[in-house]
Amino acid sequence: MLTVCYTYLTLAHFWRHHRKEQAVMKALQMHGVLQSVAFRKILHGDEEGWNRKTTRASELCEAHDERTKFSHFSKYIEPTLGKQMVIVKPKQSVDLSKEWTSFIGSSVASPDSSRGNRSRDEDSTLFFLLEASPPAKDSEGKLKLRDVSRDRVVNLSDLAVPVAWKPGEPFGILVQATPENFSKVGTAFMEGVLELDDGLYVDQILSVDVQGHPFNLVDPLLDKDVGFTLPGGNSTDNDNGGGNLEGAGEGALKPGRPSRKKHSSEFTKKVVKQKTGTDEKGDVKGDASDLSLKPPNILIYSGDSPNATQIFESALKALEGVLDRDKYVVYQLKQNELLTHPWAENTALLVTVGLHQKTLSKEEFEIINDFVVVGGKLLNVGMYLALEVGQYAGAQNSSLISANIRYKAKNSADEVAFKADYLNDQISVTSEDSSCVLVSEKDNKLVVECAEDRGKVIHSKLPLVALEHASDENAKSCLQQILADVLSRLQISCQPEWRLPSLTPCYLVGSTLATSRVFHDSIKSHLKKDTLQASPVSLYFTSNIAEAQKKVSADLLTVVSDTAPSPSSFDVDIYKKNLKSRVLGNLLMYVEVVPTTMTLFESFMLKVPKSVGAIAVASRQTKGKGRGGNKWLSPLGCAMFTAHVQLRVGTKLASKLSFLQHMAALAAVESICSRPGYEDLELRVKWPNDIYYSNKQKIGGVLVTSSCMDRDIHALIGVGFNVANSKPTLCVNDLISDLNEKKQTDLKPLRVEEVIAWTMNVLEKMIEDFQRDGHLSFCDRYYKKWLHSDMKVHLEKEDGPQVTVIGLDGSGYLEVKDEKGKLISLQPDGNSFDMLKNLIQMKTR
């Protein structure tokens with residue numbers, strides 16, 4: 001009887017499955033030419049389908065004219081598991097030239113829907129679009145995997161050929177398949193058994209027509225180059241005949257010609273490595289499920305203006321009012337840096353302020369153009385601060401115009417109205433396509449969005465980065481809304497309500513009561529009114545928590561002794577339980593919010609004995625420091641601490657102090673990778689002081705400062721390490737989750753308290769081994785985790801002399817060998833590795 005029932009159920013399921021596939025085939029035959037066949041989730045409150053006001057079925061499709069009647073109906077398959085099949089009229093279209101990228105190895109030479117040049121084989125296939133989203137995670141950061149029997153899973157890659165992809169959310173995938181396979185994919189989606197190789201969840205499937213060409217990552221030169229236009233100037237002549245970009249006149253905003261007839265081979269290699277993690281041959285480094293890399297920098301450029309700093313500070317203030325501050329760091333890009341530094345690889349957005357094309361040199365223009373050509377985002381903003389300081393060509397003859405402006409944000413039904421000034425002819429933006437005009441006043445187009453074949457450019461005559469000059473608070477608020485909307489169109493995350501957290505007191509907790517007693521005894525004679533005076537931060541000791549909270553400031557840190565913070569994002573008990581070192585980290589100074597932990601030791605580090613190993617830990621830093629003047633973003637979940645290390649002059653490590661930063665970086669890596677089960681995490685160290693995920697992404701860094709007093713060296717080791725924070729790039733727990741998925745393991749996510757304590761344990765033992773065995777033993781250990789063995793690199797610039805990395809020399813400097821066999825030592829102070837270019841940026845002496 002069981003056999004009969006099982007056979008019956010199997011046949012019934014097969015018959016229902018077969019009928020669904022036939023229904024899809026019938027829909028394609030009847031509607032597939034002029035209409036789209038779509039499979040979608042039925043959203044709550046949207047059982048009847050898409051909002052009737054929309055003009056397209058997906059954000060990834062081209063919008064139809066509002067006069068075009070958009071309709072749909074569901075007829076062929078009854079809703080299943082919260083999904084439905086829908087016929088959409090008119091047929092939806094995807095423009096691959098708008099931020100789409102071809103899959104490596106895919107052939108999309110002519111994807112246009114016109115059938116005139118298509119072969120019979122091509123004519124028998126169709127394109128369809130998949131909207132996808134990343135899988136959800138549970139509270140512990142583990143992926144929520146679907147409970148589907150493996151024998152029922154239908155893999156997309158078995159039925160369709162990937163053509164192109166588009167980043168962001170929703171993630172877009174364009175594939176090509178036969179009608180029969182399309183019906184199988186759609187049916188699998190309806191039944192909840194469709195699977196993508198990279199674990200993404202499919203939210204919608206839609207048959208589409210396609211136009212345009214996607215960007216080819218492996219050889220960008222296969223596709224035509226389309227650059228950006230800086231309006232307001234004339235086109236620049238190009239000596240090689242390739243032409244530059246045409247300036248915008250009174251007519252249409254035309255796409256310009258490429259800034260170069262052909263990119264240099266070095267530039268092409270840079271693009272390949274930056275975008276794909278492949279080498280110049282196109283060999284993929286890692287598999288398709290590698291975690292995405294998210295550049296965190298926003299750069300502001302205002303040319304060679306003598307008032308560039310003033311403009312930067314104004315623009316910085318405006319941007320920080322709307323940005324997700326845990327995800328981006330904003331820097332001023334100076335002219336020499338634009339021309340010489342490899343800034344583009346880690347830049348999410350370039351903001352040019354108050355510039356005309358004619359104010360830029362040919363080299364400046366080509367560099368910015370190259371950034372856009374390979375997918376960069378550019379916001380070109382007029383700023384009437386330029387009129388006040390009068391530094392830009394033509395600004396003196398310009399006039400401020402006061403306009404009544406009405407504006408509706410991209411995803412808002414509300415319209416804002418305000419009065420604002422703008423500089424009439426500082427930037428001239430025109431366009432034939434009214435759909436890319438975001439803000440206009442009468443016939444004057446004030447903000448225009450120009451989606452190029454590669455990147456995206458938005459031009460604005462409104463002073464979006466000079467909000468302090470707004471005529472009133474309403475205008476300032478409205479301009480801020482426009483700025484947030486413009487940034488979101490450039491794929492920049494905004495969080496307008498974000499506020500800089502208030503500074504908090506410090507809680508001083510010893511690993512034992514004896515440790516706390518030794519510390520207090522050593523500073524007692526130096527206290528004046530319970531205060532240790534120092535610059536830039538003095539410490540005020542109190543047992544009154546209420547008083548401590550009131551007195552804390554940027555230059556006065558109030559310290560509450562032998563009291564654990566509660567509630568807190570840092571669990572002191574977990575830290576103490578995992579700390580096994582004798583000295584390092586045995587006196588914990590925990591601060592919820594502080595400018596930086598690097599400045600908290602000046603008042604006492606020369607006064608405490610060697611038995612006190614103080615460590616300052618913060619959950620957030622408002623002014624986190626990196627090497628070389630860089631900033632360090634400090635979101636919750638990042639392990640941020642500074643440890644005090646004392647070394648006697650004449651010891652092995654004291655005489656080779658440069659090794660200390662290498663030891664700190666290696667200790668952070670080994671603290672995790674030496675634990676059972678976590679050995680396969682791809683954590684590495686990059687010379688001189690960075691912690692990396694494989695060779696792809698920086699997830700941590702080390703900063704070491706030192707001073708000498710009475711034959712003792714006092715070193716402060718600052719570490720920032722992304723442990724449980726996916727912003728601004730990725731973190732250790734992201735890697736653990738990825739490893740669990742790949743290897744079907746069940747490793748637990750780590751806590752910041754554990755990682756900091758483990759790092760102290762490893763670093764103390766590493767220092768002891770170095771003092772006993774010297775640097776050679778340490779180097780053997782270091783090379784197992786570093787990234788540079790036998791690497792061929794260039795010095796200073798891409799066409800500079802090539803050298804081979806040998807290792808660390810006896811002083812801890814990087815030792816390389818030139819083509820003649822000569823050994824060269826490079827100090828870490830000021831020099832750095834550019835992993836994407838195999839380039840050592842040399843310190844300017």
Residues forming a side-chain contact (heavy atoms from CB on, under 4.5 Å) with [X], sequence neighbours excluded:
| X | result |
| --- | --- |
| Gln332 | Ala308, Thr309, Phe312, Lys334 |
| Thr804 | Lys792 |
| Ser477 | Gln481 |

What is the distance from atom [atom1] of [X] to atom [atom2] of [Y], rounded to the nearest 0.5 Å?
| X | Y | atom1 | atom2 | answer |
| --- | --- | --- | --- | --- |
| Ile298 | Glu320 | CD1 | CD | 10.0 Å |
| Arg489 | Lys377 | CZ | NZ | 14.0 Å |
| Ile367 | Leu350 | CD1 | CG | 11.0 Å |
| Leu339 | Glu363 | CG | CD | 5.0 Å |
| Ile482 | Ile405 | CD1 | CD1 | 6.5 Å |
| Thr347 | Leu299 | OG1 | CG | 4.0 Å |

Practice task
Only counting residues at least two apart or in another chain, list the ones meeting side chain to side chain donor-acceptor pair (under 3.5 Å) with Thr705.
Solution key: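 With sequence neighbours excluded, Thr705 shows a side chain to side chain donor-acceptor pair (under 3.5 Å) to no residue whatsoever.
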Problem - By side chain to side chain donor-acceptor pair (under 3.5 Å) - contacts of Gln802 (at least two apart) - result: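 Here no residue qualifies.
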For residues [X] and [Y], report the shortest heavy-atom separation together with the two atoms involved.
| X | Y | answer |
| --- | --- | --- |
| Ala318 | Leu483 | O-CD2, 3.7 Å |
| Asn695 | Tyr692 | C-CD2, 4.0 Å |
| Cys638 | Asn722 | SG-OD1, 3.6 Å |
| Leu378 | Leu349 | N-CD1, 4.0 Å |
| Val486 | Val447 | CG2-CG1, 4.2 Å |
| Asp95 | Trp100 | O-CD1, 3.4 Å |

Practice task
Would you check if the distance from the ring center of Phe371 to the ring center of Trp343 is below 6.0 Å?
Solution key: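 Yes.
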Within a strict 4.5 Å, meaning less than it, do heavy atoms of the [X] and [Y] side chains meet?
| X | Y | value |
| --- | --- | --- |
| Val353 | Val351 | yes |
| Leu438 | Val448 | no |
| Ile691 | Lys698 | no |
| Leu338 | Tyr301 | yes |
| Val381 | Ile458 | no |
| Lys461 | Lys445 | no |

Exercise for the section: State whether Phe365 and Lys362 meet the cation-pi test: NZ (Lys) or CZ (Arg) under 6.0 Å from the six-membered ring centroid, and within 45° of the perpendicular axis. Expected result: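 No, cation not above the ring by the 6.0 Å, 45° rule.
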Handout entry: Derivation of the side-chain contact (heavy atoms from CB on, under 4.5 Å) call for Leu730 and Tyr693
Key = CA-CA 9 Å; Leu730 55 85; Tyr693 156 56; 4.2 Å; yes
Does the [X] side chain pair with the main chain of [Y], one donor and one acceptor, at a distance under 3.5 Å?
| X | Y | value |
| --- | --- | --- |
| Glu364 | Ser361 | yes |
| Asp690 | Gly701 | no |
| Ser694 | Arg684 | no |
| His459 | Glu449 | no |
| Tyr328 | Ser493 | yes |

Practice task
For the pair Glu62 and Val94, evaluate side-chain contact (heavy atoms from CB on, under 4.5 Å) and give the outcome as yes or no after the intermediate values.
Solution key: CA-CA 6 Å; Glu62 294 301 292; Val94 173; over 6 Å; no
Exercise for the section: Go through Asn380 and Thr352 one step at a time and tell me if the side chain to side chain donor-acceptor pair (under 3.5 Å) criterion holds. Expected result: CA-CA 5 Å; Asn380 181 41; Thr352 54; 2.8 Å; yes
Exercise for the section: Test side-chain contact (heavy atoms from CB on, under 4.5 Å) on Leu323 and Val330 and set out the steps. Expected result: CA-CA 10 Å; Leu323 285 175; Val330 183; 3.8 Å; yes
